[in-house]
Enquirer: 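Below: one structure in structure tokens.
Only a predicted model underlies this, so the values are computations on that prediction, with no experimental measurement involved.
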Amino acid sequence: MSKIFKVFLALIAIIVAILGIIGGYETSQRVKYPVAYSDYIVKYAAENNLDPYLVMAVIKVESNFVPEAHSGFAGGLMQLTEETAEWNANHMNYSGSFDYMDPEINIMLGCHYLRHLIDVYGNIDTALAAYNGGMGNVQSWLSDSRYSDDGITLKDIPFPETKNYVVKVNSNWEHYKSMDE
């Protein structure tokens, strides 16, 4: 074999290795940051004036895109309780029976609820804290100077799970946004 041919083969091997690394990285990111039900996410995020990447981040943290996921009394992609699902359906004037575990219905109701919380609190992080920790807890934290200086934003969240939830959703939100760049 000529020296030029050996160099050529070496370059091809390097290119193939680099493409394999890039492909492996992209595959690992799709596994680590799944996206499913994007049509529903985009549709109901738009209807509720939400960033679809925020909705993806909430779903990632809540259920990792597993539609039959359950945690306590909450279920589905966006981990709604039956009570929260019914409240949202009524608030939306959604008539008829529905299965809040159905991915489309769960995303529709979850997006509506997330929009409601953002409207109530005027702050996404506070809304996320309420989504996870409950509106009653957030109201008490906002009225406590240990957790809020202004009664509008939280400077601290006393529930470690809720504090971590807000951090995780924001981290995933940034990642999903960066995947689109």
Side-chain angles (χ1 to χ4, degrees), residues 32-38 40-42 44-45 47-92 98-179:
K32 187 173 180 183
Y33 296 96
V35 176
Y37 309 102
S38 59
Y40 299 145
I41 292 168
V42 169
Y44 294 112
E47 285 183 11
N48 290 281
N49 195 27
L50 295 169
D51 182 343
Y53 299 115
L54 172 60
V55 176
M56 288 176 195
V58 169
I59 293 171
K60 163 74 172 133
V61 174
E62 289 289 353
S63 67
N64 202 33
F65 289 86
V66 176
E68 60 277 349
H70 274 88
S71 175
F73 293 107
L77 292 165
M78 296 189 75
Q79 291 295 289
L80 302 174
T81 63
E82 189 171 348
E83 178 181 288
T84 300
E86 287 175 3
W87 180 88
N88 279 279
N90 289 334
H91 197 257
M92 295 171 65
F98 63 91
D99 176 7
Y100 76 97
M101 292 293 292
D102 174 79
E104 182 176 9
I105 300 297
N106 196 272
I107 292 169
M108 177 186 70
L109 297 172
C111 284
H112 179 268
Y113 187 54
L114 185 57
R115 174 81 261 158
H116 169 74
L117 293 173
I118 292 169
D119 290 345
V120 166
Y121 296 108
N123 177 290
I124 290 176
D125 285 348
T126 306
L128 291 172
Y131 195 98
N132 178 265
M135 292 179 74
N137 288 319
V138 167
Q139 285 306 123
S140 70
W141 300 336
L142 288 172
S143 63
D144 188 326
S145 63
R146 292 175 296 172
Y147 309 118
S148 177
D149 290 330
D150 58 9
I152 298 168
T153 57
L154 294 169
K155 65 181 179 183
D156 190 25
I157 299 172
F159 290 2
E161 177 188 334
T162 300
K163 185 182 229 175
N164 290 335
Y165 176 84
V166 173
V167 169
K168 285 182 198 175
V169 170
N170 278 301
S171 174
N172 282 284
W173 186 12
E174 287 303 314
H175 189 83
Y176 279 116
K177 285 192 288 191
S178 73
M179 288 174 63

Enquirer: Go through it in stages, so that I can follow the logic: the residues are N172 and M56, the test is side chain to side chain contact (heavy atoms under 4.5 Å, CB included), and I'd like the CA-CA distance, side-chain angles, deciding distance and then a yes or no.
Expert: CA-CA 8 Å; N172 282 284; M56 288 176 195; over 6 Å; no
Enquirer: Search all heavy atoms of V169 against all heavy atoms of L54 and return the closest pair with its distance.
Expert: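 Heavy atoms of V169 and L54 come nearest at CG1-CD1, 3.9 Å.
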Enquirer: Search all heavy atoms of W173 against all heavy atoms of A57 and return the closest pair with its distance.
Expert: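 Closest approach of W173 to A57: N-CB, 3.4 Å.
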Enquirer: Quick one: ring pair (Phe, Tyr, Trp, His ring centres under 6.0 Å) partners of F73, sequence neighbours excluded?
Expert: none
Enquirer: For N106, give me all partners under side chain to side chain donor-acceptor pair (under 3.5 Å), at least two apart in sequence or on another chain.
Expert: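 Result, side chain to side chain donor-acceptor pair (under 3.5 Å) vs N106: none returned.
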Enquirer: Show the numbers, then the answer: is there a side chain to side chain contact (heavy atoms under 4.5 Å, CB included) between I152 and L142?
Expert: CA-CA 6 Å; I152 298 168; L142 288 172; 5.6 Å; no
Enquirer: Sub-3.5 Å donor-acceptor pair from the side chain of K155 to the main-chain atoms of S145, do we have one?
Expert: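 Yes; at least one donor-acceptor contact below 3.5 Å.
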Enquirer: Where is the tightest heavy-atom contact between G75 and Y100, given as atom of each residue plus distance?
Expert: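 It is O-CE1, 4.2 Å.
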Enquirer: Mind listing the closest non-hydrogen atom pair of A45 and C111 along with its distance?
Expert: N-SG, 4.0 Å
Enquirer: Pairs in or reaching into residues 130-139: which pass salt bridge (charged side-chain N to carboxylate O under 4.0 Å, His left out), with residues at least two apart or in two chains?
Expert: none
Enquirer: Under the rule for side chain to side chain donor-acceptor pair (under 3.5 Å), what residues qualify as partners of Y165, not counting sequence neighbours?
Expert: E62
Enquirer: Under the 3.5 angstrom rule, does the side chain of S171 hit a backbone N or O of K168 as a donor-acceptor pair?
Expert: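 No, the answer is negative, given that no donor and acceptor are paired below the 3.5 Å cut-off.
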Enquirer: Enumerate donor-acceptor pairs with a distance under 3.5 Å from any side-chain N or O in residues 126-133 to protein atoms, sequence neighbours excluded.
Expert:
from : atom 1 : to   : atom 2 : distance (Å)
T126 : OG1    : N123 : OD1    : 3.2
Y131 : OH     : M78  : O      : 2.6
N132 : OD1    : T162 : OG1    : 2.7

Enquirer: If I compare all heavy atoms of F98 with all of L109, which pair ends up nearest, and what's the gap?
Expert: CE1-CD1, 3.8 Å
Enquirer: Show every salt bridge (charged side-chain N to carboxylate O under 4.0 Å, His left out) that has at least one partner inside residues 111-138, sequence neighbours left out.
Expert: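 For residues 111-138, and leaving out neighbouring residues, the salt bridge (charged side-chain N to carboxylate O under 4.0 Å, His left out) pairs sorted by first residue read R115-D119.
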Enquirer: My understanding is that only residues two or more places apart in sequence, or in another chain, count here; which of them pass salt bridge (Lys or Arg N to Asp or Glu O under 4.0 Å) with D150?
Expert: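 Partners of D150 under the salt bridge (Lys or Arg N to Asp or Glu O under 4.0 Å) test: none.
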Enquirer: By side chain to side chain donor-acceptor pair (under 3.5 Å), which residues pair with Y53, not counting sequence neighbours?
Expert: D180
Enquirer: Less than 4.5 Å apart, side chain to side chain, heavy atoms only: is that true for K60 and H175?
Expert: no
Enquirer: Measure the shortest side-chain to side-chain distance between E104 and Y37 over non-hydrogen atoms and say whether it is less than 4.5 angstrom.
Expert: no
Enquirer: Indicate the ring-plane relationship of Y44 and Y40, choosing parallel, tilted or perpendicular according to the 30° and 60° boundaries.
Expert: tilted
Enquirer: With sequence neighbours excluded, what pairs up with H91 under the ring pair (Phe, Tyr, Trp, His ring centres under 6.0 Å) test?
Expert: W87, H112, H116
Enquirer: Distance from L114 atom CG to D51 atom CG, nearest 0.5 Å?
Expert: 10.5 Å
Enquirer: Do the side chains of I41 and I107 get nearer than 4.5 Å, heavy atoms only?
Expert: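 Side-chain contact under 4.5 Å: yes.
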Enquirer: Should K163 and D156 count as side-chain neighbours, where that means a heavy-atom distance under 4.5 Å?
Expert: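 They are in side-chain contact.
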Enquirer: For E174, check salt bridge (Lys or Arg N to Asp or Glu O under 4.0 Å) against everything at least two apart and list the hits.
Expert: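 For E174 the salt bridge (Lys or Arg N to Asp or Glu O under 4.0 Å) partners, ignoring immediate neighbours, are K177.
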Enquirer: Assess the residue pair L154 and V166 against the criterion (side chain to side chain contact (heavy atoms under 4.5 Å, CB included)); give the C-alpha distance rounded to whole Å, side-chain angles, the decisive distance to 0.1 Å, and a yes or no.
Expert: CA-CA 11 Å; L154 294 169; V166 173; over 6 Å; no
Enquirer: List the residues meeting salt bridge (Lys or Arg N to Asp or Glu O under 4.0 Å) with D144, not counting sequence neighbours, and say none if there are none.
Expert: R146
Enquirer: What do the steps show when you test Y121 against Q139 for side chain to side chain contact (heavy atoms under 4.5 Å, CB included), and what is the final call?
Expert: CA-CA 10 Å; Y121 296 108; Q139 285 306 123; 2.9 Å; yes
Enquirer: Using modelled atom types and a 3.5 Å cut-off, is there a donor and acceptor pairing between side-chain atoms of S71 and backbone atoms of A74?
Expert: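 Not confirmed, S71 side chain does not pair with A74 backbone.
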Enquirer: Can you list everything that forms a side chain to side chain donor-acceptor pair (under 3.5 Å) with E82? Sequence neighbours excluded, please.
Expert: none
